[in-house]
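Sequence lines set the chain letters: A, B, ... in the order given, protein chains first and strands last, and positions in each chain run from 1.
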Amino acid sequence: MLKRSIPSITAVALLLLLWQTVCAVGVIPSYMLPSPLEVLRAFISEFPQLFENSLITLEEAFVGLFLGVSVGFAAAVLMDTFSVLYKAFYPLLVITQTVPSVAIAPLLVLWFGYEMTPKIVLIVISTFFPVTVGLLDGFRSVDKDAVNLLRSMGADRLQIFRYIKFPSALPQLFSGLRIAAAYSVVGAVISEWLGGFGGLGVYMTRVKKAFAFDKMFAVIFLISGISLALMALVGLMEKKCMPYRNFDKNK
Amino acid sequence: MEKLEIKNVSKSFDGKPVLKDISIELNKGELVCLLGVSGSGKTTLFNIISGLLQPDGGSVLLDGEDITGKPGHISYMLQKDLLLPYRTVEDNVALPLLLKGVKKKTSRAQVFPMFDTFGLNGVQKKYPHQMSGGMRQRAALLRTYMFSQDVALLDEPFSALDTITKSSVHKWYLDVMENIKLSTLFITHDIDEAILLSDRIYLLSGTPGTITSEIKIREPKPRREDFTTSPVFLEYKRQILSLL
């Protein structure tokens with residue numbers, strides 16, 4: 001694991017070094033591009049505000065992600081059960097994904113106000129889709145012979161879902177979840193940016209107006225850090241839920 | 001005594017007849033082979049017997065009860081083991097019990113003693129992909145047995161195995177069948193396998209598939225592997241080849 005990440009760690013270290021050198025030499029003025037060390041300093045001094053705001057963002061992200069995944073799951077099950085629904089709604093779902101979220105967010109603010117609701121709605125819209133698509137793919141990849149075998153043993157639809165369809169779709173579900181987790185944080189930040197009282201997005205608009213680029217960079221890094229942590233959490237759940245896959249790699 | 005009776009079963013797909021007037025019976029404790037070339041409708045017949053397909057005409061009787069087109073009475077085993085990759089072997093084998101509403105713990109306790117009978121000791125906690133093809137077929141047969149201790153349909157169960165594994169699986173199969181009484185209907189296109197394992201053989205051929213003849217293998221059981229090289233065996237083989 002560690003050995004495999006040596007190249008990527010080296011690349012990041014080299015980039016940081018290059019960045020630091022460029023700033024130290026003075027090729028780019030520090031108000032335009034703060035050095036990594038300045039960003040780190042800003043991160044430490046701003047930590048209380050960053051922490052407070054990330055709690056708000058995380059709350060929106062979690063609630064939105066939970067609802068989005070639930071909606072996505074329900075949509076996938078319904079569309080898999082009734083092919084009419086699949087034919088009717090699948091194209092519509094794809095269209096919802098072509099609409100940029102920056103365009104919907106202001107509308108949502110207009111409709112739902114500056115509180116949490118518009119943020120959560122936006123996150124639901126952007127996270128249910130990868131889950132639905134992943135699950136639908138998974139349901140379709142099921143071995144027909146295995147389904148028939150269970151039917152011959154007298155299994156009903158629910159049992160076929162429980163013992164075959166759902167577990168077969170787990171890998172695709174988790175790929176979807178990982179994308180949804182990343183979208184949830186980005187979605188929260190974007191909708192805060194476009195109208196809200198608190199959260200990392202609001203913090204970003206404030207430091208942008210103040211031209212405090214060091215703080216801007218600090219919050220950018222924090223946001224990617226949070227996204228990565230969420231994705232890692234999904235990865236951990238994936239390992240726990242699919243123990244049979246762990247044997248594959250060890251073999 | 002008749003365990004399973006298939007009476008005058010016919011089936012067509014899109015107006016093309018696949019099976020015509022098939023009548024076979026399986027007595028209690030008997031192993032009957034359905035021997036036929038590919039495309040003779042063997043698998044269609046199995047789907048009808050297991051209730052997954054409705055025949056155009058005729059009926060399937062289990063212990064005298066009409067089960068035509070009703071799944072849940074007779075299970076089968078295929079060339080593909082169809083063990084679910086995400087369940088351990090014991091949980092795969094216990095699946096038929098879970099489907100019948102048995103609790104997970106109870107189901108494990110019920111399958112546990114059978115692992116010994118089926119020569120599968122020690123693999124309970126393994127996942128299917130950690131086992132060899134031969135072992136997986138054994139596990140699949142045990143799963144079929146857990147569904148029903150009296151009738152099983154086996155559709156070319158060992159035909160995906162290589163010759164050496166196959167012969168060891170045959171030996172294993174004959175050993176296991178001495179300990180359990182399973183009325184078995186066995187599909188195969190392997191003449192040697194049919195003669196070695198069965199009490200009776202039905203020859204299925206033609207399009208649409210019909211039963212062309214029935215051969216009794218009078219060799220007493222338990223049979224040993226060396227039966228396959230005996231003159232009696234070769235005589236049966238000659239007879240079947242001339243009929244096909």
**Prompt:** Relative to chain B, which segment of A:I164 carries a heavy atom at a distance below 4.5 Å: side chain, backbone, both, or neither?
**Reply:** both
**Message:** With rounding to the nearest 0.5 angstrom, report the CG to OG distance, B:L99 to A:S152.
**Reply:** 9.5 Å
**Message:** Around atom NZ of B:K20, are there more than 12 heavy atoms from other residues, nucleotides or ligands closer than 6.0 Å?
**Reply:** no
**Asked** How far does CG of B:N47 sit from CG of A:N148, to the nearest 0.5 angstrom?
**Response** 6.5 Å
**Asked** Counting only heavy atoms not in B:K70, do more than 12 fall under 6.0 Å of its NZ?
**Response** yes
**Message:** As an exercise, state the distance from OH of B:Y76 to CG of A:D145, rounded to the nearest 0.5 Å.
**Reply:** 6.5 Å
**Fill in**
In terms of heavy-atom pairs under 4.5 Å with chain A, the winner among B:L52, B:L78, B:L98, B:L84 is B:L52
**Message:** Are there over 12 heavy-atom neighbours, none belonging to B:F112, within less than 6.0 Å of that residue's CZ?
**Reply:** no
**Request:** Check each atom of B:F147 against the heavy atoms of chain A and say whether the ones under 4.5 Å are side chain, backbone, both or neither.
**Result:** side chain
**Prompt:** Pick from A:A155, A:P167, A:A146: which one has the most heavy-atom pairs with chain B under 4.5 Å?
**Reply:** A:P167
**Message:** Can you confirm whether more than 12 heavy atoms, excluding those of A:E52, are under 6.0 Å from its CD atom?
**Reply:** no
**Asked** Does CZ belonging to A:F89 count more than 12 external heavy atoms closer than 6.0 Å?
**Response** no
**Contact origin within B:P85 toward chain A - heavy atom pairs under 4.5 Å** = backbone
**Message:** If you count heavy atoms of other groups shown closer than 6.0 angstrom to CZ of A:F161, is the number above 12?
**Reply:** yes
**Message:** For the OH atom of A:Y244 and the NE2 atom of B:H129, what is their distance to the nearest 0.5 Å?
**Reply:** 9.0 Å
**Complete:** The interface call for B:K80 against chain A, heavy-atom contacts under 4.5 Å, is side chain
**Item:** Distance (rounded to the nearest 0.5 Å) between B:T144 OG1 and A:M153 CE
**Value:** 6.0 Å
**Request:** Measure the shortest side-chain to side-chain distance between B:Y86 and A:L170 over non-hydrogen atoms and say whether it is less than 4.5 angstrom.
**Result:** no
**Prompt:** Counting only heavy atoms not in A:I9, do more than 12 sit closer than 6.0 Å to its CD1 atom?
**Reply:** yes
